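These notes are about the structure you will find just below.
The model shown is predicted, which means the values in this text are computed figures rather than measured ones.
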Amino acid sequence: MSSNLLAGLNPEQLAAVTLPAVPALILAGAGSGKTRVLTTRIAWLMSTGQVNAHGILAVTFTNKAAKEMLTRVGAQIPVNARSLWIGTFHGLCNRLLRLHWRDAGLPEAFQILDAGDQLSAIKRLLKALNIDDEKYPPRELMHFINANKEEGRRPGEVEAWDDYTRQMKQLYEEYERQCRREGVVDFAELLLRSYELLRDNHALRQHYNARFRYILVDEFQDTNRLQYKWLKLLAGKGDALGNLLARVGGVGRVSNPTGPAGASPAGGAPHRARGPAGAGVAVGDDDQSIYAFRGANVGNMADFQNDFRVETVIRLEQNYRSHGNILDAANALISHNRGRLGKNLWTEESAGDPIRVFEAASDFEEAQFVVDEVKQLHRDGTPLADMAVLYRSNAQSRVLEHALFQSGLPYRVYGGLRFFERQEVKHALAYLRLIHNPDDDNALLRVINFPARGIGNRTLEILGETARGVGCSIWQAACSGGAGRSAAAVGKFVTLIETLRSQAEGLSLPEQVSLVTEQSGLIETYRSDKEGQDRLENLAQLVAAAARFVQENEDSVTGFLTQASLEAGEHEAAPGQDALQLMTVHAAKGLEFHAVFLTGVEEGLFPHDNSISDPDAVEEERRLAYVAITRARRRLYISLAQSRMLHGQTRFSVASRFLSEIPQDLLKWLNRGYAPAAMPSRPAEKQAPEHGLRIGASVEHPKFGVGVVVDYDGAGKNANVQVNFGSAGLKWLALEYARLTLLS
DNA sequence: TAACAGAGAAAAAAA
DNA sequence: TTCTCTGTTA
């Protein structure tokens with residue numbers, strides 16, 4: 001059987017798939033068949049009888065990647081999806097904590113706070129404590145808390161040398177208390193809590209060490225410190241052994257034991273000579289590390305090599321995606337970074353097309369260029385969905401969207417709110433939470449006055465104070481009356497929730513969701529809102545999602561709520577229409593397209609202003625550019641604009657340094673030299689003309705026909721306008737003489 | 001309570 | 001420029 005599995009692998013892939021049970025690092029370049037290697041290895045391990053599904057743990061970062069891995073393994077070998085632990089860090093931690101909630105000190109049905117929930121919980125905390133949120137902004141506190149958790153630090157371990165940090169530390173502690181009281185867990189807490197569970201519970205740790213004989217980690221360059229520590233524990237290499245940590249003498253930091261790490265006999269559990277501790281495989285690409293800003297630590301790759309004394313490093317450098325010129329450009333660009341682990345992509349494919357470069361006079365013109373090229377490629381047979389327009393920052397999408405909209409090309413923008421983050425969905429889920437746990441203050445505050453029922457800030461303040469005074473939940477405070485003038489309204493809300501609860505009794509999950517959306521008044525509110533159509537649609541979708549959940553999993557409210565927090569759903573529920581893809585470079589990681597347009601390749605934008613003064617940050621930008629380039633299979637366009645509207649101002653920029661780091665013989669400048677001169681000069685700088693012929697206005701000329709105003713200068717008698725008459729050409733006309741009629 | 005105006009910020013983002 | 005948040009006002 002295994003020969004089938006291994007067919008078609010190149011020598012490096014084969015080596016990676018059939019690695020013995022030793023720790024190994026696989027440096028997998030873009031498009032080198034990384035996922036295939038991972039899934040084939042899992043299938044190979046099982047089909048050769050080295051391990052059963054039970055003994056494998058595979059970790060990814062996104063639900064999408066986890067799902068894909070599971071599907072592909074399933075296609076190669078029959079597996080029981082339940083016994084195979086493939087998932088995201090958070091998904092797997094959740095699984096662990098649900099199994100061992102008691103040992104982890106959590107309530108059985110603990111709730112998960114997503115980022116938005118966490119922020120509102122923090123705001124509520126600050127209010128309750130009467131903290132000036134100007135001095136201690138909620139977002140900053142949230143960042144402080146998460147950053148510390150991601151370093152594995154509880155409040156007690158935070159070093160505070162100044163008043164500000166001392167206060168933040170204090171608030172971190174209060175926040176934890178609040179979470180404990182409410183039985184909720186934020187994203188970082190999932191990780192930290194399950195890390196601590198394994199660290200402090202020897203029996204449990206040994207159980208999992210023995211169980212997970214093979215651990216595979218995807219996108220290893222994106223792991224943060226805590227995730228790495230967690231992996232180490234699971235692999236049985238723990239800094240878990242408190243003695244080991246102490247002996248190495250670090251200050252509580254997980255530095256690398258320089259000696260023979262796991263082999264320490266000094267107290268604690270003796271390690272097996274082979275086996276569990278040895279089987280970790282990390283797959284990553286340091287050149288594609290683009291998430292340092294959210295705590296990813298590329299250094300984990302080097303630490304892994306040291307801590308696990310990795311002797312096997314496999315490089316997957318053959319690229320199955322792009323043509324040669326594209327890879328050469330990527331290789332050349334990334335070679336400007338220092339301290340790489342080193343890797344050079346190559347392909348058996350031909351060099352292919354040169355990289356097309358377009359320098360536009362303005363962002364407007366750049367967008368137009370993209371539109372024209374996309375149209376051309378589409379006419380030549382490339383599906384729109386196989387083309388992507390990439391940009392560094394979301395703000396750039398506006399002008400692109402505008403041009404696309406004008407041209408009538410269907411497009412799809414990634415980013416923005418996702419399904420379970422939409423307010424109507426969150427409202428509905430809050431009602432669902434409340435009928436199962438009315439003490440959930442977060443949920444209660446979200447909907448106590450939505451739909452509006454006459455409970456304002458003042459009332460909430462009174463309720464909050466009462467609750468705090470008594471030490472009970474807001475719900476209990478609401479039940480005990482004493483809500484001042486709005487007592488009646490509060491009473492009605494209490495009755496509503498209680499009615500909902502009794503009605504929900506015995507209903508299935510989808511029925512409960514449906515009940516809640518209707519009886520709470522949500523549906524009615526959105527129906528009377530002229531812009532509520534989409535929201536109604538989403539509420540219906542929510543019921544459908546609940547039905548699907550019950551079918552695929554179990555009839556469990558907690559399970560559904562967990563999934564809602566852990567899998568926020570798709571960005572766009574767009575139909576399967578063939579549409580051009582618009583997204584940030586970050587969002588494009590892991591994807592590939594026939595043609596890629598990398599836009600805004602200008603100093604100040606890419607690399608971004610905020611990075612330019614920091615060499616490390618510039619390197620991350622360069623990696624980002626590398627990711628962007630390697631998305632393209634056949635065609636790569638790089639465009640830039642000499643001027644662009646940014647924050648309401650026109651700014652002028654020059655080509656990005658990244659462009660000059662690509663060998664010029666790989667580039668084909670589509671318009672260098674003549675372009676800037678032939679283009680209309682910076683319309684944005686001009687004041688509106690008194691003659692009313694603004695740029696973009698349509699005009700008619702008796703001889704030239706219909707055209708569009710692209711520029712103007714002068715005033716009064718000397719006023720001139722430049723009009724693009726299409727086939728009749730671009731003309732400068734003196735307003736005093738030309739008989740122009742304004743059409744729009 | 002709800003509507004409105006003025007201020008302030010605008011890099012990237014998974015779970 | 002435009003979106004979001006906050007504080008004020010009807």
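- Applying side chain to side chain contact (heavy atoms under 4.5 Å, CB included) to A/Y175 and the options A/L126, A/L141, A/D186, A/L129 leaves one that passes, A/D186.
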Side-chain donor/acceptor pairs under 3.5 Å, residues 87-95 of chain A, sequence neighbours excluded:
residue: A/T88; atom: OG1; partner: A/G91; partner atom: N; Å: 2.8
residue: A/N94; atom: OD1; partner: A/R98; partner atom: NE; Å: 3.1
residue: A/R95; atom: NH2; partner: A/R82; partner atom: O; Å: 2.3

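- Of the side-chain N and O atoms in A/N94, none sit less than 4.0 angstrom from OP1 or OP2 of B/dA15.
- Protein atom CG of A/L190 is 13 Å distant from nucleotide atom C1' of B/dA14, rounded to whole Å.
- Remark: A/E661 pairs with A/R622 by the salt bridge (Lys or Arg N to Asp or Glu O under 4.0 Å) rule, at least two apart or across chains.
- With rounding to whole Å, A/L417 atom CG is found 13 Å from B/dA13 atom C1'.
- Side-chain to base pairing of A/D114 with B/dA15: no donor and acceptor N or O lie closer than 3.5 Å to each other.
- For the pair A/V185/A/Q111, no side-chain contact is recorded, criterion being any heavy-atom separation below 4.5 Å from C-beta on.
- Comparing B/dA13, B/dA15, B/dA11 by their nearest atom to the side chain of A/S611 picks out B/dA11.
- Ring-to-base geometry places A/H608 in a stacked arrangement with B/dA11 (centre distance under 5.5 Å, plane angle under 30°).
- Straight-line distance from the CG atom of A/N457 to the P atom of C/dG7: 11 Å, rounded to whole Å.
- Between A/E421 atom CD and B/dA15 atom P the separation is 10 Å, expressed in whole Å.
- For the C1' atoms, the distance linking C/dC5 with B/dA12 amounts to 22 Å, nearest Å.
- Nearer the 5' end of DNA chain B, as judged by each residue's closest nucleotide, is the contact made by A/A452, out of A/A452 and A/N610.
- Side chain of A/F293, nearest nucleotide from B/dA14, B/dA12, B/dA11: B/dA12.
- Rounded to whole Å, atom P of B/dA12 lies 13 Å from atom CD1 of A/I290.
- At the heavy-atom level, A/A188 lies nowhere under 4.0 Å from the strands shown.
- Within 4.0 Å of A/D222, counting heavy atoms only, lies no atom of the nucleic acid at all.
- Between B/dA15, B/dA12, B/dA13, one nucleotide has an atom nearer to the side chain of A/R294 than all others, and that is B/dA13.
- Residue A/E219 contributes atom CD, which lies 15 Å from atom P of B/dA13 at whole-angstrom precision.
- Listed pair A/N394 / B/dA12 meets the phosphate criterion, a side-chain N or O lying under 4.0 Å from OP1 or OP2.
- A/I455 comes within 4.0 angstrom of sugar-phosphate atoms only, judged by non-hydrogen atoms across all strands, and of no base.
- Note on A/F61: only backbone sugar-phosphate atoms sit closer than 4.0 angstrom, heavy atoms only; bases stay farther off.
- In this structure, A/R294 is positioned above the aromatic face of A/Y291, its NZ or CZ under 6.0 Å from the six-membered ring centre and within 45° of the axis.
- Checking the phosphate oxygens (OP1, OP2) of B/dA15, a side-chain nitrogen or oxygen of A/R418 falls inside 4.0 Å.
- At least one donor-acceptor pair closer than 3.5 Å links the side chain of A/D117 to the backbone N or O of A/D114.
- Within the 6.0 Å centre-distance limit, the rings of A/Y208 and A/H100 are counted as a close aromatic pair.
- At the heavy-atom level, A/F89 lies nowhere under 4.0 Å from the strands shown.
- The side chain of A/A587 lies closest to B/dA13 when the candidates are B/dA11, B/dA15, B/dA13.
- Contact of A/T584 with B/dA11 (side chain to base): no donor-acceptor pair of N or O atoms is detected under 3.5 Å.
- You'll find a donor-acceptor pair under 3.5 Å spanning the side chain of A/R392 and the base of B/dA11, going by distance alone.
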Between A/W101 and A/F110, does the ring pair (Phe, Tyr, Trp, His ring centres under 6.0 Å) criterion hold? Intermediate values first, please.
CA-CA 9 Å; A/W101 54 273; A/F110 67 86; 9.0 Å; no
Could you encode protein contacts along nucleotides 1-6 of chain C as a string, one character per nucleotide from 5' to 3', using B for base contact, S for sugar-phosphate-only contact and - for no contact, with a heavy-atom cut-off of under 4.0 Å?
BSS---
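- The aromatic rings of A/F220 and A/F304 sit tilted relative to each other, their planes meeting at an angle between 30° and 60°.
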